[in-house]
Amino acid sequence: MKPWENNIRKVVPYVPGEQPKEKDIIKLNTNENPYPPSPKVLGVKQELERLRFYPDPVAKDLVDAIANYHGISSEQVFVGVGSDDVLAMSFLTFFNSEKPIFFPDITYSFYDVWADLYRIPYETKALNDDFQLVASDYYAANGGVIFPNPNAPTGLAADLDFVRDVLDHNQDVIVIVDEAYVDFGGESALSLIDEYENLLVVRTYSKSRSMAGMRIGYAMGNPALIKAINDVKYSFNSYTMSYPSIVMGVASIEDDVYFKEMVAKVVATREWFETELTRLGFTYPKSGANFVFASHKTVPAKEIFEAAREAKIYVRYFNKPRIDNHLRISIGTDEEMQTLVKFLEEFLNTKDN
Ligand SMILES: *Cc1c(COP(=O)(O)O)cnc(C)c1O
């Protein structure tokens with residue numbers, strides 16, 4: 001090993017789901033929305049000339065639009081380049097203790113990566129056998145708590161009593177609730193931000209708003225938390241929010257009718273798909289998200305994953321303890337899900353005989 005190699009910050013990076021290049025595939029592996037963003041987003045034909053200017057460093061129009069949408073003040077909103085950026089900034093800002101931060105053992109697989117990157121000690125807390133978080137696991141002294149609600153990749157939503165329970169036992173640290181999927185069926189902790197000044201609620205445009213390609217995420221919480229995270233962000237890179245993100249982000253959040261319609265479509269498809277999964281011999285926790293976490297009673301998940309891939313249907317498979325017999329299947333259009341069901345039916349039939 002060369003001496004200078006000792007001076008390199010070494011990390012094991014997060015591995016995102018595949019983004020295959022072929023056009024004729026059914027892509028159900030990264031929880032993208034199958035529908036396009038609001039036509040109002042696509043209709044924002046701001047003069048490209050504006051791109052020669054630096055964007056507004058405080059992204060005021062977007063912050064105000066988000067605050068207005070949620071009925072909170074602009075001092076309670078932080079915006080970032082996707083919720084990954086918001087979460088990475090939050091780890092850097094809020095998890096600065098010698099004590100370990102706590103998060104579930106089965107959860108969004110970026111949390112341990114950020115913790116490692118920033119040298120934040122952490123402890124994972126095992127979900128119970130029904131894949132639920134156990135509130136009492138989060139009672140011990142810690143340096144902060146983070147969990148998604150609904151959780152990923154299980155899709156299971158915890159109710160507000162659970163969130164309150166965790167908050168009541170963690171008044172001295174920051175508690176982050178990652179609500180990437182909340183629009184599809186979770187109960188939001190947003191109503192608690194005035195009551196708990198140590199609560200940060202994180203959202204994204206990537207799933208329910210069909211704008212994963214635009215990279216917009218945000219956090220909501222007490223103005224003191226928002227100031228703290230902004231101070232860190234401006235010490236890092238002032239111009240993170242691009243001009244197109246700002247104007248398109250505003251256009252999206254202002255079109256609530258379209259938003260609600262698309263979310264309802266995904267939820268209806270999910271409910272149909274869940275019944276089909278049951279018919280085909282799968283079990284799954286009831287999903288509050290835009291994906292289902294399914295396991296077949298006889299056929300191993302890995303086999304189904306590989307066969308589906310051959311048939312150009314991409315779903316997500318995690319080769320990890322406790323979940324290596326599950327598939328995380330994003331909800332696509334009705335037509336895509338029908339094709340998947342037909343594939344599963346035929347594939348499983350070849351197994352039974
Ligand atoms: C998708 C996802 C994110 C990241 O979303 P972006 O806004 O696209 O960065 C964060 N947390 C969870 C739990 C997610 O599933």
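In listed order, ligands and their atoms are each counted from 1. Hydrogens, waters and symmetry mates play no part in the numbers below; they use all other heavy atoms, side chains included. The first residue in the sequence is number 1, and the count goes up from there. The shown structure was predicted, so the numbers you read here are calculated from the model rather than taken from an experiment.
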For atom 3 (C) of ligand 1, which of the options K207, M214, R209 provides the nearest non-hydrogen atom? K207

Run the side chain to side chain contact (heavy atoms under 4.5 Å, CB included) test against V250 and tell me which residues pass, sequence neighbours left out. D61, L62, A65, E254

Between F110 and ligand 1, which residue portion shows a heavy-atom distance shorter than 4.0 Å: side chain, backbone, both, or neither? neither

Strictly below 4.0 Å, N to O, side chains only: are D64 and K60 in salt-bridge contact? yes

Which residue and heavy atom of the protein sit nearest atom 5 (O) of ligand 1, plus the separation: S83 OG, 3.1 Å

Ionic contact status for E32 with K27, cut-off 4.0 Å: yes

Shortest reach to atom 4 (C) of ligand 1 by a heavy atom, considering only V202, D85, D84, T204: D84

Indicate yes or no: does K302 engage E306 in a salt bridge with an N to O separation below 4.0 Å. yes

So is Y205 touching ligand 1 or not, going by heavy atoms under 4.0 Å? no

Please verify the inter-ring angle class for F95 with F91; under 30° counts as parallel, over 60° as perpendicular, anything in between as tilted. perpendicular

At a 4.0 Å threshold, what atoms of ligand 1 neighbour a non-hydrogen atom of R215? 6 (P), 8 (O), 9 (O)

Quick check on contacts: which atoms of ligand 1 are under 4.0 angstrom from a heavy atom of G82? 7 (O), 9 (O)

Which segment of D178 sits under 4.0 Å of ligand 1 when only heavy atoms are counted: side chain

What I'd like to find out is whether the side chain of H326 reaches to under 4.5 Å of the side chain of H296, using heavy atoms alone. no

What residue and heavy atom of the protein are closest to atom 15 (O) of ligand 1, and at what distance? Y181 OH, 2.5 Å

Identity of the nearest option to atom 8 (O) of ligand 1, non-hydrogen atoms only, from S109, A152, S206: S206

If you look only at distance, which donor and acceptor atoms sit under 3.5 Å apart when one is on a side chain in residues 220-235 and the other is two or more places apart or in another chain?
residue, atom, partner, partner atom, Å
N222, OD1, A224, N, 2.8
K227, NZ, D231, OD1, 3.4
K227, NZ, D231, OD2, 2.6
N230, ND2, I226, O, 3.4
K233, NZ, T240, OG1, 2.7
Y234, OH, P57, O, 3.2
S235, OG, D231, O, 2.6

